[in-house]
Amino acid sequence: QVQLVESGGGLVQAGGSLRLSCAASGRPFSSLTIGWFRQAPGKEREFVAAISRGIPRTTYADSVKGRFTISRDNAKDTVYLQMNSLKPEDTAVYYCAGTIRLSASSLGEYAYWGQGTQVTVSS
């Protein structure tokens with residue numbers, strides 16, 4: 001059993017920064033690939049970024065590339081999403097998710113999900 005808990009969401013102005021955290025428990029953290037997804041009101045949940053287990057490789061959605069950075073600290077059982085140059089269209093509930101797959105960017109590939117944290121970017 002795996003439990004994921006997000007934190008760090010909040011309200012920021014456009015152009016600002018925010019760092020989200022995803023803490024995991026229930027199995028060796030280093031054995032999980034961790035992804036971030038987001039869902040805005042009335043929209044489908046979409047992929048944001050992922051970092052693989054093993055040798056860390058990162059993947060980003062085109063909409064956040066160059067602005068967001070995903071990283072992991074296995075010693076702290078935590079994955080981070082540093083979000084810079086935030087835009088109003090980044091407003092959404094952000095979820096972290098886990099999978100034993102080496103690399104994954106689709107919803108159906110993730111078996112474990114956190115409860116979500118709200119990110120609101122004002123204009």
Side-chain angles (χ1 to χ4, degrees):
Q1 297 182 0
V2 174
Q3 185 175 46
L4 303 176
V5 179
E6 305 97 332
S7 62
L11 174 64
V12 298
Q13 293 187 334
S17 297
L18 207 60
R19 188 177 76 160
L20 305 183
S21 298
C22 175
S25 63
R27 68 176 294 151
F29 183 70
S30 62
S31 71
L32 292 174
T33 290
I34 300 294
W36 285 95
F37 293 79
R38 66 187 183 187
Q39 187 167 21
K43 302 293 182 63
E44 298 294 321
R45 192 170 299 186
E46 66 177 359
F47 172 78
V48 176
I51 186 164
S52 68
R53 62 175 175 84
I55 300 174
R57 294 183 173 87
T58 59
T59 305
Y60 298 93
D62 288 341
S63 60
V64 306
K65 196 171 299 181
R67 299 188 297 122
F68 291 9
T69 302
I70 188 170
S71 62
R72 68 188 300 156
D73 187 341
N74 289 335
K76 296 182 178 179
D77 293 345
T78 303
V79 164
Y80 304 98
L81 184 67
Q82 178 66 47
M83 306 185 294
N84 298 325
S85 302
L86 283 163
K87 305 174 181 179
E89 51 263 45
D90 295 318
T91 295
V93 176
Y94 283 70
Y95 301 87
C96 67
T99 178
I100 62 173
R101 297 175 67 93
L102 185 60
S103 181
S105 59
S106 299
L107 283 169
E109 296 177 299
Y110 287 84
Y112 313 108
W113 292 85
Q115 83 290 343
T117 185
Q118 177 72 47
V119 172
T120 302
V121 184
S122 64
S123 59

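Applying the side chain to side chain donor-acceptor pair (under 3.5 Å) criterion to Ser103, with sequence neighbours excluded, gives no partner residue. Annotation: salt bridge (Lys or Arg N to Asp or Glu O under 4.0 Å) contacts of Lys65 (sequence neighbours excluded): Asp62.
Within the 3.5 Å criterion, the main-chain N or O of Ile70 finds no donor-acceptor partner in the side chain of Gln82. Under a 3.5 Å cut-off, the side chain of Arg45 and the backbone N or O of Ala40 do not form any donor-acceptor pair. Within the 3.5 Å criterion, the main-chain N or O of Ser85 finds a donor-acceptor partner in the side chain of Arg67. For Thr117 (side chain) and Gly9 (main-chain N/O), a donor-acceptor pair under 3.5 Å exists by modelled atom type. At least one donor-acceptor pair under 3.5 Å links the side chain of Ser52 to the backbone N or O of Arg57. At least one donor-acceptor pair closer than 3.5 Å links the side chain of Thr33 to the backbone N or O of Leu102.
Remark: Gln3 CD is loosely packed, at most 12 non-hydrogen atoms of other residues, nucleotides or ligands lying under 6.0 Å away.
Between Ser17 and Val12, the shortest heavy-atom contact is O-CG1, 3.9 Å.
The closest side-chain donor-acceptor pair between Thr78 and Asp73, if any, does not fall under 3.5 angstrom.
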Worksheet item: Step by step, would you call Phe47 with Tyr60 a ring pair (Phe, Tyr, Trp, His ring centres under 6.0 Å)?
Response: CA-CA 8 Å; Phe47 172 78; Tyr60 298 93; 8.5 Å; no
Item to complete: Show your working on side-chain contact (heavy atoms from CB on, under 4.5 Å) between Leu81 and Phe68 and close with a plain yes or no.
Response: CA-CA 7 Å; Leu81 184 67; Phe68 291 9; 4.2 Å; yes
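Note on ring orientation: taking the six-membered ring where Trp is involved, the planes of Tyr110 and Phe37 are perpendicular (angle over 60°, cut-offs 30° and 60°).
Residues Trp36 and Leu20 meet the side-chain proximity criterion, which asks for heavy atoms closer than 4.5 Å. The shortest distance between side-chain heavy atoms of Trp113 and Val2 does not fall below 4.5 Å.
In this structure, Arg53 fails the cation-pi test against Phe29, since its NZ or CZ atom is not both closer than 6.0 Å to the six-membered ring centre and inside 45 degrees of the ring normal.
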Identify each donor-acceptor pair in which a side-chain atom of residues 91-100 lies under 3.5 Å from a protein atom, sequence neighbours left out, and give them as a table.
unit_1 : atom_1 : unit_2 : atom_2 : d
Thr91  : OG1    : Pro88  : O      : 2.9
Thr91  : OG1    : Val121 : N      : 2.9
Thr91  : OG1    : Val121 : O      : 3.4
Tyr94  : OH     : Arg38  : NH1    : 2.9
Tyr94  : OH     : Asp90  : O      : 2.7
Thr99  : OG1    : Arg101 : N      : 3.1
Thr99  : OG1    : Glu109 : O      : 2.8

